[in-house]
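Heads up: the structure comes next, in structure tokens.
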Amino acid sequence: MNFITLLAGAGGAATSSTGAAGGNQWTFFIMIGVMVVMMFFMNRSQKKKQKEEQEKRESVQIGDEITTIGGIMGRVVTVKDDTLIIETGADRNKMKIAKWAISANNTADEKAAAERQAAKEAAEAEKQKKMEEAAENSKAKRKKTKKKDDTFDQ
């Protein structure tokens, strides 16, 4: 009861000074607005991440190397609606797991890494080619300028 009385007394004191009360209300609304916007962006990024994980799980194919959330690594043998059968180890033990238990698709990750590396190498080769062309153009310009200077000297 004392806490409620204290709050009521604080509210009465805040309303008696009109300038402070208006400022406090706007500050409160601004803080609420900022929190709503922040939660919207956090929720959006979380949904995007969940969607990417779901797409990754749905794209698992027979023959892919996967890692489960428990750390078990194996090769996919059979794919069903919401389950997989994987082979693990040299003795080819088979395990049935749920699709939601897939942590990483190692085959897809390796392919993506190889594609990124190939794109990086292609960009580097293109950059090198442009630098060589620029160097050749620079040499050609210097030769033309040197010929012009020679004609002026005579």
**Asked** With a 4.5 Å heavy-atom cut-off, do I69 and W100 have their side chains touching?
**Response** yes

**Item:** Atom pair NZ (K130) and CD (E133), whose distance is rounded to the nearest 0.5 Å
**Value:** 8.5 Å

**Complete:** Contacts satisfying salt bridge (Lys or Arg N to Asp or Glu O under 4.0 Å) that involve residues 50-61 (not counting sequence neighbours) are E58-K99

**Request:** Not counting sequence neighbours, which residues clear side-chain contact (heavy atoms from CB on, under 4.5 Å) with F41? List them please.
**Result:** V37, R44

**Request:** List in chain and number order the residues that pass side-chain hydrogen bond (donor to acceptor under 3.5 Å, both in side chains) with E121, two or more places apart in sequence or in another chain; answer none if no residue qualifies.
**Result:** Q117

**Message:** Has T83 got a side-chain atom pairing as donor or acceptor with K80's backbone, closer than 3.5 angstrom?
**Reply:** no

**Request:** Verify, without hydrogens or angle tests, whether N43 (side chain) and F40 (backbone) share a donor-acceptor contact under 3.5 angstrom.
**Result:** no

**Request:** Evaluate the side-chain proximity of S103 to T68: yes if any heavy-atom separation is below 4.5 Å, no if none is.
**Result:** no

**Prompt:** Below 4.5 Å, heavy atoms only, C-beta onward: do T78 and I62 meet side chain to side chain?
**Reply:** no

**Request:** To the nearest 0.5 Å, tell me how far N105 CG sits from I66 CD1.
**Result:** 7.5 Å

**side-chain hydrogen bond (donor to acceptor under 3.5 Å, both in side chains) involving T67 - partner list, sequence neighbours excluded** = N106

**Prompt:** Do M95 and T88 have side-chain heavy atoms sitting under 4.5 Å apart?
**Reply:** yes

**Asked** Can you name the residues that form a side-chain hydrogen bond (donor to acceptor under 3.5 Å, both in side chains) with N93, not counting sequence neighbours?
**Response** D91

**Fill in**
Rounding to 0.5 Å, atoms CD (Q46) and CE (M39) come to a distance of 10.5 Å

**Request:** Name all residues meeting the side-chain hydrogen bond (donor to acceptor under 3.5 Å, both in side chains) criterion together with E65; count only those two or more places apart in sequence or in a different chain, and write none if there are none.
**Result:** R75

**Item:** I30 CD1 to M35 CE distance, which is reported to the nearest 0.5 Å
**Value:** 13.5 Å

**Message:** Are F29 and M38 connected into the same hydrophobic cluster when the rule is that any two of I, L, V, M, F, W, Y join if their side-chain heavy atoms are below 4.5 Å apart?
**Reply:** no

**Message:** Do V60 and T107 have side chains that approach each other closer than 4.5 Å (heavy atoms only, starting at C-beta)?
**Reply:** no

**Request:** With the side chain counted from C-beta on, respond yes when E132 and Q128 share a heavy-atom pair under 4.5 Å apart, and no when they do not.
**Result:** yes

**Prompt:** Any side-chain heavy atom of V77 within less than 4.5 Å of one from I86?
**Reply:** no

**V79 vs I85 side-chain heavy atoms within contact, under 4.5 Å** = no

